[in-house]
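The next block holds one structure in the form of structure tokens; read it before the comments.
For this chain, numbers begin at 1 and follow the sequence in order. We count ligands from 1, going down the list as the structure has it; atoms in each ligand are counted the same way.
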Amino acid sequence: VKAIRFARYGGPEVLELVEVDVPRPAAGQLRVRVHAAGVNALEWKIRRGDLQEVRPLRLPAGSGGDAAGVVAELGAGVTGVEVGDAVFGSGVDTYAEHAVLTSWARKPDSVSFAEAAGYPTPLETGCRVLAEAGVTAGRTVLVNGASGGVGSAVVQLAVDRGAHVIGVAGPANQDYLAALGAVPTTYGPGLVERVRALAPNGVDAALDIAGSGVVPDLIALTGDPGQVVSIADFTAPRHGARVSTGFGADKTPALREGARLAAAGRFTLPIAARFPLARAGAAQAENATGHVRGRVVITVR
Ligand SMILES: NC(=O)c1ccc[n+]([C@@H]2O[C@H](COP(=O)([O-])OP(=O)(O)OC[C@H]3O[C@@H](n4cnc5c(N)ncnc54)[C@H](OP(=O)(O)O)[C@@H]3O)[C@@H](O)[C@H]2O)c1
């Protein structure tokens, strides 16, 4: 079967479409015939070699952590799903015609494979950071980087929890954020003042999704570093705020929550761009612009 591999760290051009053996699911896993794979920043950071000190790879390595497809093989002990079912979820080397998933949920019929392929990481990350920041009904939460993949999910999940959401994105995404249910504002100088004007009673929690160096501003707005969580700014702990990484987290509850909300028409992640499997490098480069509305997706079939 065809899959993307890279034999050395580098730019998008190191990704190659090659022929590999069909991957086999271990106990508790399943194999899907991939219809589409979602593209995440972590994947081009790994490809570039940013993580080679902390997580060295055995090269050649595959790429991709999210996919939607049809179940082709069940690992030992897997129940509640059958060969032929449409699912989406997280796994390994998902930029491929076949991939092993380690967590999954049923794909709602009303959601395309391409859209569902973009769901897993934003859903898991979104549910996790909202829980870590204690975002519940009636709380006011600020989301910095609200119109990308993770941000769009965080906004919708927070709105669903009954929170008041202030979303930060560029000028072109203000109407989009309002449509997701957030009060929009722009990034750049004057952020603290703009948010104070929008939330005169204060901000209970602030989530830094963009990693754009605003953790001190977010602490000024919450008045408490303990109420600030970043997923992309590793200087946050220097200011007393947290970084959430999610390594080892059980993704299944978030995937199921997302499937339920999407089936009810209360969750969607727009597809900003689609690329064929052979152009996986271009898909990662598009994601790496940092200005994608919703998701970049690799369509496999
Ligand atoms: N730790 C974890 O568990 C975890 C999990 C998933 C992702 N991440 C990381 O989180 C980051 C975001 O991921 P993503 O997939 O959501 O990225 P993305 O889709 O590229 O989203 C980028 C978002 O940031 C906004 N943005 C760009 N420049 C900004 C600025 N200066 N200030 C505020 N917002 C700005 C963009 O808005 P405009 O387009 O309007 O400019 C867009 O809304 C990545 O670094 C990724 O590696 C971490």
Side-chain angles (χ1 to χ4, degrees), residues 37-48 50-51 54-55 63-66 90 117-133 142-158 165-180 182 184-192 194-195 206-218 221 228-237 241-251 254 258 269-273 283-297:
V39 176
N40 297 293
L42 180 63
E43 292 142 23
W44 52 260
K45 292 176 184 175
I46 291 173
R47 184 212 70 218
R48 241 170 28 177
D50 294 8
L51 281 77
V54 277
R55 277 212 270 172
S63 195
D66 292 346
S90 298
Y119 283 3
T121 292
L123 280 173
E124 188 280 320
T125 310
C127 288
R128 167 163 42 88
V129 296
L130 289 171
E132 288 183 8
L142 177 66
V143 182
N144 180 58
S147 60
V150 177
S152 297
V154 169
V155 169
Q156 293 172 85
L157 293 165
V165 184
I166 300 172
V168 180
N173 280 315
Q174 301 293 293
D175 291 347
Y176 169 71
L177 290 184
L180 294 184
T185 192
T186 51
Y187 46 77
L191 175 68
V192 171
R194 283 193 297 283
V195 174
L207 304 172
D208 171 36
I209 308 302
S212 53
V214 293
V215 167
D217 288 347
L218 304 188
L221 283 163
V228 175
V229 179
S230 180
I231 63 167
D233 184 344
F234 288 89
T235 71
R242 270 175 295 168
V243 172
S244 176
T245 60
F247 291 130
D250 177 11
K251 300 181 161 95
L269 290 181
I271 300 171
Q284 289 189 341
E286 179 71 20
N287 175 271
T289 65
H291 296 287
V292 167
R293 177 187 292 177
R295 299 290 279 152
V296 175
V297 165

[atom] - nearest protein heavy atom and its distance:
atom	value
atom 31 (N) of ligand 1	S212 CB, 3.5 Å
atom 17 (O) of ligand 1	G149 N, 4.6 Å
atom 8 (N) of ligand 1	I231 CD1, 3.5 Å
atom 46 (C) of ligand 1	A41 CB, 3.5 Å
atom 29 (C) of ligand 1	Y187 CE2, 3.4 Å
atom 2 (C) of ligand 1	S244 O, 3.5 Å
atom 12 (C) of ligand 1	I209 O, 3.2 Å
atom 36 (C) of ligand 1	G290 O, 3.5 Å

(message) Below a 4.0 angstrom heavy-atom separation, can you tell me which part of R128, side chain or backbone, both or neither, approaches ligand 1?
(response) side chain
(message) Under 4.0 Å, heavy-atom basis, I'd like to know which part of N173 is in contact with ligand 1: side chain, backbone, both or neither.
(response) side chain
Number the atoms of ligand 1 from 1 as they appear, then name those within less than 4.0 Å of a heavy atom of [X], with their elements.
X	value
N144	32 (N), 33 (C)
T245	1 (N), 2 (C), 3 (O)
A210	24 (O), 33 (C), 34 (N), 35 (C)
A232	10 (O), 11 (C), 45 (O)
H291	27 (C), 28 (N), 38 (P), 39 (O), 41 (O)

(request) Would you name the heavy atoms of D208 and V214 that are closest together and state the gap between them? (result) OD1-CG2, 4.4 Å
(message) Looking at every non-hydrogen atom in both residues, tell me the closest pair between S230 and A232 and how far apart they are.
(response) OG-N, 3.1 Å
(request) Identify which of A146, G145, G148 has a heavy atom lying nearest to atom 21 (O) of ligand 1. (result) G148
How long is the span from the [atom1] atom in [X] to the [atom2] atom in [Y], to the nearest 0.5 Å?
X	Y	atom1	atom2	value
T245	I231	OG1	CD1	10.5 Å
L142	L191	CG	CG	6.5 Å
N144	Y187	CG	OH	9.5 Å
K45	L42	NZ	CG	7.5 Å
S152	N173	OG	CG	8.0 Å
K251	T121	NZ	OG1	6.0 Å

(request) Report yes or no: does K45 have a heavy atom closer than 4.0 Å to ligand 1? (result) yes
(request) Please tell me if the side chains of L221 and V192 come closer than 4.5 Å, counting only heavy atoms from C-beta onward. (result) yes
(request) Say whether, by atom type as modelled, one donor and one acceptor occur between the side chain of R194 and the main chain of G188 under 3.5 angstrom. (result) yes
(message) Any side-chain to backbone donor/acceptor pair from R295 onto A117? Under 3.5 Å, distance only.
(response) no
Do any N/O atoms on [X] end up under 3.5 angstrom from N/O atoms on ligand 1?
X	result
V150	yes
T121	no
T125	no
G170	yes

(message) With a sphere of 6.0 Å drawn around CG of D175, does it hold more than 12 non-hydrogen atoms of other residues, nucleotides or ligands?
(response) no
(request) State which residue, out of R47, E43, R48, fulfils the side-chain hydrogen bond (donor to acceptor under 3.5 Å, both in side chains) condition with Q284. (result) R47
